[in-house]
Amino acid sequence: MKKSVFALCLLGAGAVYGQTMNSSSTTTTTTTTYDSTNRANNGATMSTPMYNNNTSATGTTTYDNGMNNTGSSNMNSRNSYNSTTTTTTTTSDYNSDSKDRTGTRADGKQGRFGVYAGVNLSRFINEPIPDNAYRAGWQAGIYGRSGGTVFGQIGLEYRNSTSNLVRTGTGTTPGSVANEVRGKIDQHFLAIPAYVGLRVGGVAGLRIQAGAELASLVAIGNNNFQLGKDDLNRTILNGLVGAGVNLGPLTLDAVYNHGFANVFDNGADTKRRLWAFNLGFRF
């Protein structure tokens with residue numbers, strides 16, 4: 001049993017992880033400006049462009065706007081073309097956990113803590129005289145869930161499980177309906193459920209998960225069979241399969257609980273089957 005406890009703890013603690021990957025992108029912008037201010041060759045700004053009117057013998061007139069350095073250096077106008085390059089570097093930080101500017105994931109896949117409560121339906125199988133009716137119980141618990149598409153979850157749950165039991169009366173023939181003793185058994189457990197799950201949607205997406213729990217019997221109610229805690233296995237290993245959805249801060253979950261260990265301590269091959277339905281709140 002110590003090995004089972006150790007393995008269960010590893011399952012829950014080892015699966016609770018998150019990984020972050022940062023990347024940067026740099027954007028360079030080049031801006032070119034043109035200064036067409038009319039300036040004289042000595043650098044002074046001129047309000048009116050000065051042109052050199054040179055007429056050739058053939059009647060062709062040429063204008064010098066400062067590109068030709070003929071004539072007086074103080075009179076020729078010049079258009080000045082200046083090229084200015086501005087480099088802007090923008091660094092964007094992307095996180096594989098899809099966090100927003102406040103550091104909180106924006107896709108509903110952040111790690112959370114939560115509380116929940118709900119009802120369960122349970123029954124015993126492989127009984128000598130079976131009663132296949134499910135009986136209602138209840139549970140309440142807390143949990144911690146890691147972030148990411150693949151997540152780990154571990155919690156603590158208090159559960160009341162009620163099942164019907166049928167036994168043959170003392171001194172009667174087995175299977176004699178007239179002398180059957182029927183009654184319910186209330187069992188109270190403290191359980192440590194651990195899961196590994198997959199998120200398949202966004203903020204209101206679906207979660208599917210599987211795992212195991214170690215449940216310890218802490219009390220048994222009064223019953224028609226005079227059974228006490230010593231008549232039942234005190235520690236039971238159960239398999240878990242579940243699914244859930246997020247509705248804002250609220251959560252809805254359904255879990256199937258499959259008992260691996262015998263219910264009774266006398267070696268009878270009686271196992272528990274249980275369905276649980278929970279309404280929770282996550283922080």
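Since the model is a prediction, treat every value here as computed from it, not as a measurement.
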**Prompt:** Would you call Val255 and Val241 a side-chain contact if the rule is heavy atoms closer than 4.5 Å?
**Reply:** no
Under 3.5 Å, sequence neighbours excluded: what are the donor-acceptor pairs made by side chains of residues 216-224?
from, atom 1, to, atom 2, distance (Å)
Asn223, OD1, Phe225, N, 3.0
Asn223, OD1, Gln226, N, 3.0
Asn223, OD1, Leu227, N, 3.0
Asn223, ND2, Gly221, O, 3.1
Asn223, ND2, Leu227, O, 3.0
Asn224, ND2, Arg182, O, 2.9

**Asked** What's the shortest heavy-atom distance between Pro193 and Leu240, and which atoms?
**Response** CB-CD1, 3.7 Å
**Prompt:** Is any side-chain heavy atom of Leu165 closer than 4.5 Å to a side-chain heavy atom of Phe264?
**Reply:** yes
**Request:** Would you check if there is a donor-acceptor pair between the side chains of Asp186 and Thr162 at a distance under 3.5 Å?
**Result:** yes
**Prompt:** Salt bridge or not for Asp231 and Lys229, using N-O below 4.0 Å?
**Reply:** no
**Message:** If we count only N and O atoms by modelled type, under 3.5 Å, do the side chains of Lys271 and Asn126 hold a donor and an acceptor together?
**Reply:** no
**Prompt:** Would you call Asp265-Arg234 a salt bridge at under 4.0 Å N-O?
**Reply:** no
**Request:** Can you see which heavy atom on Asn238 is nearest to which on Ala215, and at what distance?
**Result:** ND2-CB, 4.0 Å
**Request:** For Ala117, check side-chain contact (heavy atoms from CB on, under 4.5 Å) against everything at least two apart and list the hits.
**Result:** Ala140
**Request:** Ignoring hydrogens and angles, state whether a donor on the side chain of Glu127 or Thr270 is under 3.5 Å from an acceptor on the partner side chain.
**Result:** yes
**Prompt:** Any chain of hydrophobic side-chain contacts (each under 4.5 Å) joining Phe283 to Val245?
**Reply:** yes
**Message:** Quick check: closest heavy atoms across Arg167 and Pro128, and the distance to 0.1 Å?
**Reply:** NH1-CD, 4.4 Å
**Steps toward side-chain contact (heavy atoms from CB on, under 4.5 Å) verdict (Val166, Phe124)** = CA-CA 10 Å; Val166 182; Phe124 293 146; over 6 Å; no
**Prompt:** Of all residues at least two apart in sequence or in a different chain, which pass the ring pair (Phe, Tyr, Trp, His ring centres under 6.0 Å) check with Phe113?
**Reply:** none
**Prompt:** Is it the case that Glu157 and Tyr116 place a side-chain donor and acceptor less than 3.5 Å from each other?
**Reply:** yes
**Message:** Which residue is it: Arg272, Glu213, Arg273? I am looking for the one with a side-chain hydrogen bond (donor to acceptor under 3.5 Å, both in side chains) to Asn257.
**Reply:** Glu213
**Prompt:** Cluster question for you: counting only ILVMFWY and a side-chain heavy-atom cut-off of under 4.5 Å, with indirect links fine, are Leu279 and Leu121 together?
**Reply:** no
**Prompt:** Going through the distances and angles, do Thr168 and Val181 end up as a side-chain contact (heavy atoms from CB on, under 4.5 Å)?
**Reply:** CA-CA 6 Å; Thr168 301; Val181 178; over 6 Å; no
**Request:** Would you name the heavy atoms of Leu274 and Ser122 that are closest together and state the gap between them?
**Result:** CD1-CB, 3.7 Å
**Request:** State, to 0.1 Å, how close Ile236 and Ala261 come at their nearest heavy-atom pair, and which atoms those are.
**Result:** CG2-CB, 3.9 Å
**Complete:** Sequence neighbours excluded, the answer for side-chain contact (heavy atoms from CB on, under 4.5 Å) partners of Phe260 is Leu237, His258
**Item:** Residues which pass side-chain contact (heavy atoms from CB on, under 4.5 Å) with Ala243, listed by chain and number, not counting sequence neighbours
**Value:** Leu206, Ile208
**Item:** Parallel, tilted or perpendicular, as decided by the 30° and 60° cut-offs, for the rings of Phe277 and Trp275
**Value:** parallel
**Request:** Report yes or no: do Tyr256 and Tyr143 belong to one cluster of Ile/Leu/Val/Met/Phe/Trp/Tyr joined by side chain heavy-atom distances under 4.5 Å?
**Result:** no
**Asked** Which heavy atom in Gly211 sits nearest to a heavy atom in Tyr195, and how many Å separate them?
**Response** N-CD2, 4.0 Å
**Request:** Decide whether Lys109 and Thr149 meet the rule of one side-chain donor and one side-chain acceptor closer than 3.5 Å.
**Result:** yes
**Request:** Go through the side-chain N and O atoms of Gln139 and Arg159 and say whether any donor and acceptor fall under 3.5 Å apart.
**Result:** no
**Item:** Test item: Asn246 side-chain N/O and Gly248 main-chain N/O as donor-acceptor pair under 3.5 Å
**Value:** no
**Message:** Keeping Asn120 on the side-chain end and Trp138 on the backbone end, is there a donor-acceptor pair under 3.5 Å?
**Reply:** yes
**Residues in side-chain contact (heavy atoms from CB on, under 4.5 Å) contact with Arg123, at least two apart in sequence or another chain** = Ile125, Asn132, Tyr134
